[in-house]
Amino acid sequence: MELARKLLGCLLIHRTLDGAAGGMIVEAEAYVGAIDKACHAYRNRSGRTEIMYHDGGYAYVYLIYGMHHCFNAVTGPEGEGNAVLIRALEPVIGLDLMQQRRHTKTVQHLCSGPGKVCQALGITKNEYGLDLCAADSPLRLIRYRHIPEALIVATPRINVAYAEEAAAWPWRFYVKDNLYVSK
DNA sequence: GCGGAGATTTCC
DNA sequence: GAAATCTCCGCG
């Protein structure tokens, strides 16, 4: 939660053979393995979720609904199963490349959703477990801009109605009035 | 080896 | 508002 808030304003960059693409994080959701029924790591340590139990700074990527990838930043500490889902970016780098990948020219729609972010940046499960802080990593998180507390809005998370009491927890954070936040 | 679940997107 | 569509996990 604290970390999800801090991630707003950071830059997420993916370098590939086609070039670099990335943007500033404007929307994120926190997931806590220990108590959160919406979290994949909630009483479910195995295969896909293993990386979430590691210390922070790694990428957790998974495929959902057979067609879309979602990107998460593991926040640690080790053994907890915590992660932050990146839901939206404000495009900054590699606009052409992202437009090509997303098959749209509308910059506003390039990264306004978890699946779109991965498609625009070319993130797949091949990027699972990458170190987000290492200087030589193709996928990196970089401090970019500080978002004033007054501009951060907290709401319940999206599409987790099944999580019972956890569904109402205000763990979705986004930048107020930013055009690139998902609806 | 099989069946179901799933943090979405897009188009009618 | 519904359909599209696939991988991983759990169980037999």
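Scope of the values below: all heavy atoms of this structure, side chains included, with no hydrogens, waters or symmetry mates. These figures come from a predicted structure and were not determined experimentally.
The side chain of K125(A) sits closest to dT7(C) out of dA7(B), dT7(C), dT8(B).
Panel note: side chain H69(A), backbone C118(A); no donor-acceptor pair is recorded below 3.5 Å. D36(A) places no side-chain N or O within donor-acceptor distance of the main-chain N or O of Y31(A), the cut-off being under 3.5 Å. Remark: side-chain polar atoms of S137(A) are paired, donor with acceptor, to backbone N or O of D131(A) under 3.5 angstrom. Side-chain atoms of R172(A) never come within 3.5 Å of backbone atoms of R157(A) as a donor-acceptor pair (strictly under, hydrogens ignored).
At the heavy-atom level, R172(A) lies nowhere under 4.0 Å from the strands shown.
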**OP:** Go through the steps to decide whether Q119(A) and R102(A) satisfy the test side chain to side chain donor-acceptor pair (under 3.5 Å), and finish with yes or no.
**Re:** CA-CA 6 Å; Q119(A) 195 184 352; R102(A) 294 271 305 114; 3.0 Å; yes

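Computed from coordinates, the W169(A) CH2 to dA7(B) P distance equals 15 Å when rounded to whole Å. In this structure, R157(A) atom CZ and dT8(B) atom C1' are separated by 16 Å, rounded to whole Å. Between the OH atom of Y42(A) and the P atom of dC9(C) there is a distance of 19 Å, rounded to whole Å. If you take NZ of K37(A) and P of dA7(B), they are 15 Å apart, rounded to a whole angstrom. In this structure, the NZ atom of K116(A) is 12 Å from the P atom of dT8(B), given to the nearest Å. I51(A) has its CD1 atom 18 Å from the C1' atom of dA7(B), to the nearest Å. For the pair R102(A) CZ and dT8(B) P, the computed distance is 15 Å after rounding to whole Å. Taking atom NE2 on H40(A) and atom P on dG4(B), their separation rounds to 19 Å, with Å as the unit.
Taking a 4.0 Å limit (strictly below) on heavy-atom distances, residues 57-72 of chain A reaches DNA chain C at L63(A), Y65(A), G66(A), M67(A).
In terms of position on DNA chain B, the residue among Q119(A) and V160(A) whose nearest nucleotide sits closer to the 5' end is V160(A).
In this model, the phosphate group of dT8(B) is approached by a side-chain N or O of R87(A) to a distance below 4.0 Å at OP1 or OP2. Between N159(A) and dA7(B), a side-chain N or O to OP1/OP2 separation shorter than 4.0 Å is absent. When the side-chain nitrogen and oxygen atoms of Y162(A) are compared with OP1 and OP2 of dA5(B), none of them lie within a distance under 4.0 Å.
Considering only heavy atoms from C-beta on, Y180(A) stays 4.5 Å or farther from V175(A) through its side chain. For the pair M98(A)/L121(A), a side-chain contact is recorded, criterion being any heavy-atom separation below 4.5 Å from C-beta on.
Atom CD1 of residue I123(A) and atom NE2 of residue H14(A) lie 6.0 Å apart, to the nearest 0.5 angstrom.
Between A20(A) and L97(A), the shortest heavy-atom distance links the atoms O-CD2, 4.1 Å.
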Original post:
So what's the dot-bracket for DNA chain C: Watson-Crick or G-U pairs under 3.5 Å, [ ] if a pair crosses, | if it pairs off-strand?
Top reply: ||||.||||||.

